[in-house]
Peer 1: 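Provided herewith is a single structure, encoded as structure tokens, for subsequent inquiry.
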Protein chains: 2
Amino acid sequence: MADRIALPPQLSQIPLFQGLPEPALTDILQHSQARRVEKDSFLFMQGDPADHLYVLMEGRAKLCQVTSEGQQVILKFAAPWEMIGGLAIVGGGIYPVCCMVAEDSRVMSWSTTVLEGLLQRYPLIAINATRWMSNHVKETQQLFTQLATERVEQRLAHTLLRLISQMGQEQAEGMALDITLTRQDLAEMSGTTLFTVSRILNQWEKQGLVEAGRERVRVKSPHGLVVIARDLKL
Amino acid sequence: MADRIALPPQLSQIPLFQGLPEPALTDILQHSQARRVEKDSFLFMQGDPADHLYVLMEGRAKLCQVTSEGQQVILKFAAPWEMIGGLAIVGGGIYPVCCMVAEDSRVMSWSTTVLEGLLQRYPLIAINATRWMSNHVKETQQLFTQLATERVEQRLAHTLLRLISQMGQEQAEGMALDITLTRQDLAEMSGTTLFTVSRILNQWEKQGLVEAGRERVRVKSPHGLVVIARDLKL
DNA sequence: TTTGTTCTTTGCGCTAGAGCAAATAGCGGT
DNA sequence: ACCGCTATTTGCTCTAGCGCAAAGAACAAA
């Protein structure tokens, strides 16, 4: 257990713990575990019993789902202070996704057992959990609808817009993404192939919308991508 | 408010109210409203403030999302005793979908205000809500992954399998669906067009897997569809 | 610097499935 | 029985985007 550690201010910003008084946060912190995890390791695999809730303190992680035929889909990237594995809040489940650490990171975690106690002591957590989950449902439904109705180009634009609004870094010209992001990753987020991603990115680069390097993408004109994503002009 | 109405046994089976003692259920029932709704009316529209939780007592409803370009996607059909609009449990949201009544139905509902009180009195409800939501996330993620990785034929098979396991009626030969279900509906559930659905259904009919009529589908061989859905043979 | 590995680009062929239009069929009302 | 409406079928065309293969580029390690 973490002990005599200063209360990190972000703890109160975690969706699950919002609105809790400071003593509760201290209690929560003391029941957490913290550890480093290195790039390319897994916090959990698809099918594992969902027994831990994680919060990323530093680094990046990606949530993937693999089909029985071995095709992989990336459901989302997680940035610091996002929750991962919220399913563990209610015991007895099985992770439907796996979580791969995308760069050297630090996470804190709570076991289902500990969470049960916390839920008992601070009922607000259950409300927060419901709110977080419902938000999650909403996002996933939106992804589904986009995948069902939009062309690849629009979906890729949406994917990049989502990424920069989530963890883009403001720059002189546009926004940069500091994650290692292969064409394959973008394809798995957008429901397409790395070839198509490569072609579209090159085309956009010629139009001055983005700057694409090896495992790196900078969005020079977010507005231009919005135009494409919404299909405002052809 | 419903008053002096016998406690319907299904009430305790609603995910949100599972595990509650009988007095609580009575309390919940007395705070519910019940009404009839007719085919083709809407319980709520996409964008409306999420202020009511519904449970279908009789009939069918479908949850749709419409894109800015006017394309429609059906996220799911609801059968009796399923919850609709769970987002209303946490106040302040906006329905991300609309709910269309697919045939003359009866619903019971609770306003967000009433739910707040119930949550206060019976904290178990919040836990149940979280569990229900997390299940919802899981299902939606699975839909997303299928849409991203499978061919239309597989997705349509999955759609039909989902429908019959949810509300199919056992018959001498296979399972029947008693809902009015157009090719367009199936297309909007599977991320394709009514033309492609029509073609595939005809092909399956020739193979003796299904029987398709106007706004009607019977699955004669669920197992055959599983083979197609999982792409076990070509 | 060299070598190996991994990621990316690009050309080419191909096909699943979209989209349109016209014909047909089923059903409900009169 | 007839009419009108809506759902469905089916032929045809066409294209977005997949998939392969081969070449090229970026990086890391030795």
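Residue numbers begin at 1 in each chain, while the letters A, B, ... track the order of the sequences.
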Peer 1: Roughly how far, to the nearest 0.5 Å, is the CZ atom of A:Phe144 from the OG1 atom of B:Thr140?
Peer 2: 8.5 Å

Peer 1: Can you check whether A:Arg151 reaches A:Asp231 side chain to side chain, under 4.5 Å on heavy atoms?
Peer 2: yes

Peer 1: Is it the case that the side chain of B:Ser134 and the backbone of A:Leu87 share a donor-acceptor pair, with hydrogens and angles ignored and the cut-off at 3.5 Å?
Peer 2: no

Peer 1: Would you tabulate the nitrogen or oxygen pairs shorter than 3.5 Å linking the protein to nucleotides 24-29 of chain D?
Peer 2:
unit_1 : atom_1 : unit_2   : atom_2 : d
D:dA26 : N3     : A:Arg214 : NH1    : 3.2

Peer 1: Are there more than 12 heavy atoms of other residues, nucleotides or ligands under 6.0 Å from atom CD of A:Glu38?
Peer 2: no

Peer 1: Return yes if some donor-acceptor pair links the side-chain N/O of A:Gln169 with the main-chain N/O of A:Asp178 below 3.5 Å, else return no.
Peer 2: no

Peer 1: With under 30° as parallel and over 60° as perpendicular, where do the rings of A:Trp132 and A:His136 fit, or are they tilted in between?
Peer 2: perpendicular

Peer 1: Between C1' on D:dG19 and CD on A:Gln71, what's the gap in Å once rounded to a whole number?
Peer 2: 12 Å

Peer 1: Write down the distance between CD (A:Gln184) and C1' (D:dG19), rounded to a whole number of angstrom.
Peer 2: 13 Å

Peer 1: At a cut-off of 3.5 Å, list every protein nitrogen or oxygen paired with a nitrogen or oxygen from nucleotides 10-17 of chain D, distance to 0.1 Å.
Peer 2:
unit_1 : atom_1 : unit_2   : atom_2 : d
D:dT10 : OP2    : B:Asn202 : ND2    : 2.8
D:dG11 : N7     : B:Arg199 : NH1    : 3.3
D:dG11 : O6     : B:Arg199 : NH2    : 3.3
D:dG17 : OP1    : A:Val152 : N      : 2.8

Peer 1: Take the C1' atoms of the five end pairs on each side of the helix from C:dT1-D:dA30 to C:dT30-D:dA1, get both axes, and report the angle to 10 degrees.
Peer 2: 40°

Peer 1: Where does the chain B footprint on DNA chain C start and end, counting 5' to 3' with a 4.0 Å heavy-atom cut-off?
Peer 2: C:dG17 to C:dC27

Peer 1: For B:Glu205, what residues pass the side-chain hydrogen bond (donor to acceptor under 3.5 Å, both in side chains) criterion, not counting sequence neighbours?
Peer 2: none

Peer 1: Take atom CZ in B:Arg216; do more than 12 heavy atoms of anything else shown fall under 6.0 Å from it?
Peer 2: yes

Peer 1: Using whole Å, report how far CG of B:Leu186 lies from P of D:dT8.
Peer 2: 9 Å

Peer 1: Just distance, no hydrogens or angles: give the donor-acceptor pairs under 3.5 Å from side chains in residues 156-163 of chain A, sequence neighbours left out.
Peer 2:
unit_1   : atom_1 : unit_2   : atom_2 : d
A:His158 : ND1    : A:Glu150 : OE1    : 2.9
A:His158 : ND1    : A:Glu150 : OE2    : 3.4
A:His158 : ND1    : A:Gln154 : O      : 3.4
A:Thr159 : OG1    : A:Arg155 : O      : 2.9
A:Thr159 : OG1    : A:Ser190 : OG     : 2.9

Peer 1: Once you round to the nearest 0.5 Å, how far does CZ of B:Arg60 lie from CD of B:Gln166?
Peer 2: 8.0 Å

Peer 1: Determine whether B:Val55 and B:Trp110 make a side-chain contact, defined as any pair of heavy atoms from C-beta on separated by less than 4.5 Å.
Peer 2: yes

Peer 1: Between B:Trp204 and B:Glu153, is there a side-chain heavy-atom distance shorter than 4.5 Å?
Peer 2: yes

Peer 1: State the CG-NZ distance between A:Leu181 and A:Lys62, to the nearest 0.5 angstrom.
Peer 2: 8.0 Å

